[in-house]
Colleague: 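Below is one structure. I have some questions about it.
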Amino acid sequence: MGIKTFQQAISEALALEMERDERVIVMGEDIVGGSGADGEMDAWGGPLGVTKGLWGKFGDRVLDTPITESAFIGAAIGAATTGLRPVVELMFIDFMGVCFDQIFNQAAKFRYMFGGKAETPVVIRTMFGAGLRAAAQHSQCLYPLFTHIPGLKVVVPSTPYDAKGLLIEAIRDNDPVIFCEHKLLYTQEGEVPDEAYTIPFGEAAVVREGEDLTIVTLGRMVHRAVEAAEALAGSGIDCEIVDLRTTSPMDEDAILESVENTGRLVVVDEANPRCNIATDISALVAQSAFDALKAPIRMVTAPHSPVPFSDALEDLYIPTAASIEAAARELAEYRS
Amino acid sequence: MSGALHAVTMPKWGLSMQEAKIVEWKVPVGGEALSGDEVVDIETEKIAAAVEARHSGVLRRHIAQEDDVLPVGALLAVIAGADATDSEIDAFVADFQASFVPPDPTASEVGVPTDTVDLSGGVIRYLRRGDSGDVVILVHGFGGDLNNWLFTHEPLAAEHVVYALDLPGHGGSTRDVGDGSLEDFADTLSDFMAALGIANAHLVGHSMGGAIALTFALAHPDLTASLTLIGSAGLGAEIDGTYIDGFVHARRRRDLKPHLEKLFSDPSLITRQLVEDVLRYKRLDGVQDALATVAGQLFPGGRQAAVLRDQLDQLMLPVQVICGVEDRIIPPSHALGLPADVATHTVTGAGHMVQMEASAEVNRLIRDLAG
């Protein structure tokens, strides 16, 4: 046990699973030698150094790929069907577009179309989210797209502890898993056991208990919600925060139980507002917990716009603790 | 006079406790408090329980009010003789507050209070408290760890050297449980004592830990000073097999919580954080297998495999049995009909976790027997 970063937690999960199961391989761009590394092996470890050190321990089970997402994602899926358990890193979630057939039409469908006889134990690790001044093509929150597809499991961790336990669960899972890492969380610190452990999919974490209002959120927004809840507590508004951890499967019970208790719901989702996780949860609550609601549901999301390159506009684009707080206050003061 | 003034302070129950809320005063201002009496109910993020008086006297002042949230070590009340003057108490409070430094919440794990020892069967984590007096060893039950004695470590440490260990398969100790038998666990206990140079100890066992302590005492009466068996296994065949099975197999909060609630007379003591802590332990690789091995060995088919009550009269040492009247895991009737020289204490308002739900009474009974 010790204090570790989100990045270390992921790295540790990969190393432990590679140690435990020789079928586990990792592949991706720049994860071994890397750009500018002048041929030196293990120089880079991916754009954020997450896989650094693995090549020294596991050699050829760590594969550098060309910059051809469509090819290496397809290769990883194919390798999974032959019995390997690849963890493939697709640097930015924004580049998934060129791999949709491999992911949506192949990996996600094999188990179903082969009558349960085929397994595709592949994990696609990918960075998402705004805030790194990386502009419109490197900053999106595309987990709603994958959540939409039956046959995929989608993980969006918010803490180092969850990242490690959920990644090990993902690697041991026999279905394709899209593992989404917010790029501003890699330096987040928290207590992480040294040993391997697994967190089951479809179990949300209640990171704060409260009686007045429920905030359902995920990924980086969990931390902004906690900030907002602390400010609201000063005004006597007691928020419960539900961190989804996985969007597919989704822990509907945890959401409904909380809203049935508080009667007020704010959903915070960094994704664009149409057909995102916030709309999905709002529909669930409107359909299944309507009688419990004391106020309308509020969604706090990014606007329906590409992520701006301008620093000032990007800061405005991302939901903030202040925007979450304002939505919560509005509901707390709402009288029907 | 100042020697007769005593501070009641916020205890530290476990590694992560930083602060707690004052729920209710049990002794009013002007009321008499005997050492070991429950003075005030407090609530941490993990559990609610009572703070005990460490000295006898008159409770002269409540410093904390109900609903206050105060850090570990903070002054809660002053106990003094009836003859202490108000100005003496004012000065005592002022002195205390002037020198009190709340713990730094960011300084995690500074001076880690647990230690480890490497035995032939693997690493064992333990906690040691107290500097002098007889040795008391606390042995937790199935699925527990040394934190099950949260409310016992400090109160006993005033006059004893207290050890609490994590059994193999539990807490921070090795996952290797061998064949999971009582004899294996008892061997770990004797290895533990040998490694730490403990020649003789008062053994206190809870639940499965009681059966282990009893097995140990029967094999090593020379190393055992006394035996306190709390909600103990090994005294009858019945046990709630659905609890054992549920505890071993539950992976999710919703599945685990109803089982944990069976442990207490008051199920509201099971906080979300407590469930999360148990889940975090159960999620570690190897834990579920270890628990399943132990359960298969000791509780096959939902019955206790070892019933040792007929061997109690072989023990030529002080033995007491404590049980909660509302124990739903092991029937409290197992504490009845024991040999006449075994002292039996039944505690009302407590379930299986007697040492947590009625800590003041259990601590007093342990102190009484251990001298």
Side-chain angles (χ1 to χ4, degrees), chain A residues 1-4 12-13 15-17 19-21 159-169 171-173 189-211 233-234 236 238 240-243 245-246 249-258 261, chain B residues 14-16 18 21 43-46 67 69 104-110 112-116 122-123 125 145 147 166 169-176 249-258 268 270-291:
Chain A
M1 187 76 93
I3 303 291
K4 293 166 196 166
E12 235 176 59
L16 283 166
E17 287 310 284
E19 192 80 54
R20 173 182 174 273
D21 184 348
T159 67
Y161 176 85
D162 287 352
K164 180 171 171 180
L166 290 166
L167 182 53
I168 294 177
E169 177 82 2
I171 294 170
R172 296 181 190 178
D173 195 286
E189 291 186 331
E191 284 218 343
V192 179
D194 298 332
E195 302 160 81
Y197 58 92
T198 54
I199 298 173
F201 291 164
E203 174 145 281
V206 175
V207 296
R208 188 183 202 285
E209 290 186 276
E211 292 293 323
D238 188 17
E240 180 146 300
I241 300 176
V242 177
D243 175 357
R245 297 203 283 212
T246 62
M250 186 182 295
D251 190 347
E252 298 187 353
D253 288 347
I255 299 165
L256 294 172
E257 259 174 43
S258 181
N261 189 40
Chain B
L15 187 56
S16 63
Q18 305 275 2
K21 185 165 93 174
E43 187 180 287
T44 76
E45 60 173 2
K46 290 187 200 291
D67 289 337
V69 175
D104 177 2
T106 61
S108 67
E109 297 198 76
V110 169
V112 180
T114 60
D115 216 331
T116 58
V123 170
R125 182 180 74 154
D145 65 21
N147 289 316
D166 288 339
H170 294 76
S173 291
T174 172
R175 302 283 169 250
D176 182 1
H249 292 106
R251 278 196 84 200
R252 292 164 193 273
R253 188 179 62 81
R254 269 182 293 279
D255 301 331
L256 182 63
K257 193 176 177 207
S268 72
I270 301 294
T271 60
R272 188 178 288 276
Q273 189 58 46
L274 193 149
V275 180
E276 175 66 19
D277 286 351
V278 175
L279 279 175
R280 283 185 180 216
Y281 153 68
K282 279 173 48 60
R283 283 174 189 145
L284 294 167
D285 268 11
V287 166
Q288 191 165 1
D289 290 346
L291 290 174

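So you know, we letter chains A, B, ... as the sequences are listed, proteins then strands, and number each from 1. These values consider heavy atoms only, across backbone and side chains, with no hydrogens, waters or symmetry-generated copies.
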Colleague: Which heavy-atom pair separates Arg272(B) from Val206(A) by the least distance, and what is that distance?
Modeller: NH1-CG2, 3.2 Å

Colleague: Just jot down the side chain to side chain donor-acceptor pair (under 3.5 Å) partners of Ser173(B), sequence neighbours excluded, or say none.
Modeller: none

Colleague: For Glu209(A), is it the side chain, the backbone, both or neither that has a heavy atom under 4.5 Å from a heavy atom of chain B?
Modeller: side chain

Colleague: Under a 4.5 Å heavy-atom cut-off, does chain B meet the side chain of Ala254(A), its backbone, both or neither?
Modeller: both

Colleague: So, for Glu276(B) and Tyr161(A), which heavy atoms are closest and what is the spacing to 0.1 Å?
Modeller: OE2-CE2, 4.4 Å

Colleague: Please round to the nearest 0.5 Å and tell me the distance separating atom CD1 of Ile199(A) and atom CZ of Arg280(B).
Modeller: 7.0 Å

Colleague: Suppose we screen for side chain to side chain donor-acceptor pair (under 3.5 Å). Which residues come up paired with Asp21(A), at least two apart in sequence or across chains?
Modeller: Arg23(A)

Colleague: Are Arg251(B) and Glu169(A) ion-paired here, with the side-chain N under 4.0 Å from a carboxylate O?
Modeller: yes

Colleague: Is Ile168(A) in contact with chain B via its backbone, its side chain, both, or neither, using a 4.5 Å heavy-atom distance?
Modeller: neither

Colleague: Taking the side chain as every heavy atom from C-beta outward, state whether Arg20(A) and Asp285(B) have any pair of such atoms under 4.5 Å apart.
Modeller: yes

Colleague: Compare every heavy atom of Arg252(B) with every heavy atom of Pro200(A), then report the nearest pair and how far apart it is.
Modeller: CB-NH2, 3.5 Å

Colleague: Identify whether the distance between the nearest side-chain nitrogen and carboxylate oxygen of Asp251(A) and Arg253(B) falls below 4.0 Å.
Modeller: no

